Amino acid sequence: MVDFAADQLANLDMSELDCPNLLKNLEILSPDHVELAKILIQNGQSHLFNDWPESGVDDDEKRAFFDQVARLNACYFGGLEQYIKNARELLADSKAGKNPFDGFTPSVPTGENLTFGDENFINYEEAGVKEAKNAAFVLVAGGLGERLGYNGIKVALPSETSTGTCFLQLYIEYILALQEASGKLAEGETQKEIPLAIMTSDDTHARTLALLESNAYFGMKPTQVTLLKQEKVACLADNDARLAVDPQNKYRIQTKPHGHGDVHSLLFSSGLLNKWRDAGVKWVLFFQDTNGLLFKAIPASLGVSATKQYQVNSLAVPRKAKEAIGGIAKLTHADGRTMVINVEYNQLDPLLRATINPEGDVNCETGFSPFPGNINQLILELESYIEELKKTGGAIKEFVNPKYKDATKTSFKSSTRLECMMQDYPKTLPPTARVGFTVMDIWLAYAPVKNNPEDAAKVPRGNPYHSATSGEMAIYRAHSLILKKAGVQIGDPIMHVFNGQEVEVWPRIVWKPKWALTFSDVKRKIGGNCSVSQKSTMVLKGRNILVEGLSLDGALVVDSIDNAEVKVEGSTQNTGWILENVDYKDSSYPEEIRIRGFRINKVEQLEGNFREPGRHCLKP
Ligand SMILES: O=c1ccn([C@@H]2O[C@H](COP(=O)(O)OP(=O)(O)O[C@H]3OC[C@@H](O)[C@H](O)[C@H]3O)[C@@H](O)[C@H]2O)c(=O)[nH]1
Ligand SMILES: [Mg+2]
């Protein structure tokens, strides 16, 4: 040890290690550590050693620090030096308020506008279900969910509490239902499995795996699911890109996820894309962690991709000005280049002010932003996607989004980091690429759970809350509206306040994806004159349930095995399931209840559970 240290000191140019606390520890470091230390010192990071005691104290922790630095250095293209360099440039641009879209003028692009339930929509849904057997799904679920402030992983949250189905279960059940329905339409071919990849991070990986394993993968084959873990990047404490020391451990650099843009390089480098292509996959569908409505929009939008042969199809909904969702814009450069791309919500206002509208991000006469809102559901055509990634390796343009303490923009409220977004993928595509987007009704397609109750209650009136409360209520509204369009008489919603948010409370209607995937499926399974009152709950869990002339005022739950055919008819009245307010501060309830502001008191219901094959009837 002593020899090594002496050797090391003799060969060192001390000016490269101008940091007293580090010099005091040289004897415990390996040559690799010293090289890494040089990189840090030369790039303005000597503060990392400010609180280091002399050698002999915490030596293992100090060595572990350099192991972490080695990982951060290896996992970033160009190493930490490049990371710090990129960070300084992006932070300077951000401080100067520089518009990342310099030279581009935005305009409103035209896309495919779909109206739920019309002939066009129904045709696209049919085309989409047919095509689904050639799809692969990718869920990006590495995010911390900082805005929601929920302690668990977001995909484990119940999407709604009438059935308690968590988001991951809901997504998997939809994919399995699509697989089954699509397979049926492809008679003669062998049934294909639709693959699912889930991008996790250190924050979510173990818990995502545990959720899958403790639930038998919610019915999927474990081999059908691939988990890809993204690595985190170093946090930045200030405008000079000084790396942030972990508040929990002075021998670690604080790290945070690099953003969902990592998904492209991970899919590419893992070899998954080639494997999928060899298995006949044509479409890759990306989606986010907490949107309980998303799959209602999938059949039709996949139908659009297939029919129009889009290489990129982004799903969008009408967007309220200042809503925290990106705007899809056509950008025309002074040199004539154009692209249709998401402009992230924090960049849209400055871009508009700098170009076409001094008022920035405001609604137009329709009451919505003229720019469709990106819900970050992308459908990529696999062949051209692979071709593109062969060139880029999946690298995506980065950005930084520091939250400044004040207008001087000299310090941050908390550390920041470089990020990249999956929807920036089309930025490198040639102008000939077929890039399109599909606009759907909000009530059908988008109800994310992102905001904690306090923040949600502060959302400007008329803008969506994006909370656990609104997410659950949107699921009931969508099912109610679909049934209404299928001819069922649905009780009008009442307005109610939960956790300071006023929401529409519709009848609590939900069904399993295998009961109906498309509007045509719903219409086939509903007959006669049906009605459901506002106070009612209706849960349909079986595949073959026919609802015929049902009049429901209360709660009804029907479950059945696949080869049982159940007819539900007649008039049912019971006390039903009652929504009771819960304050989000009331810690006697579990967090997933508190964040939605209510619990369901299941007082009385009519229940039908059919475990025998054949025909059955449920009549109260
Ligand atoms: O590093 C990360 C960050 C995020 N994610 C995942 O990416 C998804 C989106 O993350 P966030 O919820 O933080 O995204 P944001 O709300 O900031 O914006 C996103 O959704 C709304 C769209 O309009 C925006 O254009 C899109 O960027 C989540 O599923 C999250 O788990 C990762 O997988 N890794
Ligand atoms: Mg975010």
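Predicted, not measured: the structure shown is a model, and the values here were computed from it. All residue numbers in this chain count up from 1 along the given sequence. Read the numbers this way: they start at 1 and go in the same order the structure lists the ligands and their atoms. Because only heavy atoms are used, hydrogens play no part in the values below, and waters and symmetry mates are left out as well, while side chains stay in.
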Before you tell me yes or no, could you show the steps for Asp202 and Lys229 under salt bridge (Lys or Arg N to Asp or Glu O under 4.0 Å), namely the whole-Å CA-CA distance, both residues' side-chain angles and the distance that decides it to 0.1 Å? CA-CA 7 Å; Asp202 279 321; Lys229 185 162 80 75; 2.7 Å; yes

Taking C-beta and beyond as the side chain, do Val439 and Leu114 meet within less than 4.5 Å on heavy atoms?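 No - every pair of side-chain heavy atoms lies 4.5 Å or more apart.
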
Measuring only between side-chain heavy atoms, which start at C-beta, is Thr332 closer than 4.5 Å to Phe104? no

Who passes side-chain hydrogen bond (donor to acceptor under 3.5 Å, both in side chains) against Asn86, sequence neighbours left out? Tyr76, Gln82

Please identify which atoms of ligand 1 are closer than 4.0 Å to at least one heavy atom of [X].
X	value
Glu344	18 (O), 24 (C), 25 (O), 26 (C), 27 (O)
Ala141	31 (O), 33 (O)
Gln230	1 (O), 2 (C), 32 (C), 33 (O), 34 (N)
Ile325	23 (O)
Gly259	1 (O), 2 (C), 3 (C), 34 (N)
Gln423	24 (C), 25 (O), 26 (C), 27 (O)
Tyr446	21 (C)
Gly142	31 (O), 32 (C), 33 (O), 34 (N)

Does the N or O separation between [X] and ligand 1 drop below 3.5 Å for any pair?
X	answer
Gly143	yes
Lys154	no
Met421	no

With [atom] as the reference point, say which of [options] has the nearest heavy atom.
atom	options	value
atom 29 (O) of ligand 1	Val140, Ile375, Leu228	Val140
atom 3 (C) of ligand 1	His260, Lys450, Gln288	His260
atom 17 (O) of ligand 1	Phe167, Tyr345, Phe286	Tyr345

Compute the ring centroids of Tyr446 and His466, then answer whether they are less than 6.0 Å apart.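 Under 6.0 Å, so yes.
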
Compute the ring centroids of Tyr310 and Phe437, then answer whether they are less than 6.0 Å apart. no

Does ligand 1 have any atom that is closer than 4.0 Å to a heavy atom of Arg147? yes

Report yes or no: does Phe287 have a heavy atom closer than 4.0 Å to ligand 1?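 Checking ligand 1 against Phe287, which is what was asked, there is no heavy-atom contact under 4.0 Å.
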
Run the numbers on Ile341 and Ile328 for side chain to side chain contact (heavy atoms under 4.5 Å, CB included), then give the verdict. CA-CA 6 Å; Ile341 193 85; Ile328 294 183; over 6 Å; no

By salt bridge (charged side-chain N to carboxylate O under 4.0 Å, His left out), which residues pair with Glu381, not counting sequence neighbours?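 Here no residue qualifies.
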
Applying salt bridge (Lys or Arg N to Asp or Glu O under 4.0 Å) to Lys98 and Asp102, what does each step give before you reach the verdict? CA-CA 8 Å; Lys98 196 174 151 198; Asp102 222 14; 5.3 Å; no

Quick one: sort the Phe287 and Phe137 rings into parallel, tilted or perpendicular, breaks at 30° and 60°.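 Phe287 vs Phe137 ring planes: perpendicular.
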
At their closest point, which heavy atom of Ala456 faces which heavy atom of Tyr465, and how far apart are they?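 Looks like O-CD2, 3.1 Å.
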
Does Val263 approach ligand 1 within less than 4.0 angstrom via side chain, backbone, both or neither, non-hydrogen atoms only? neither

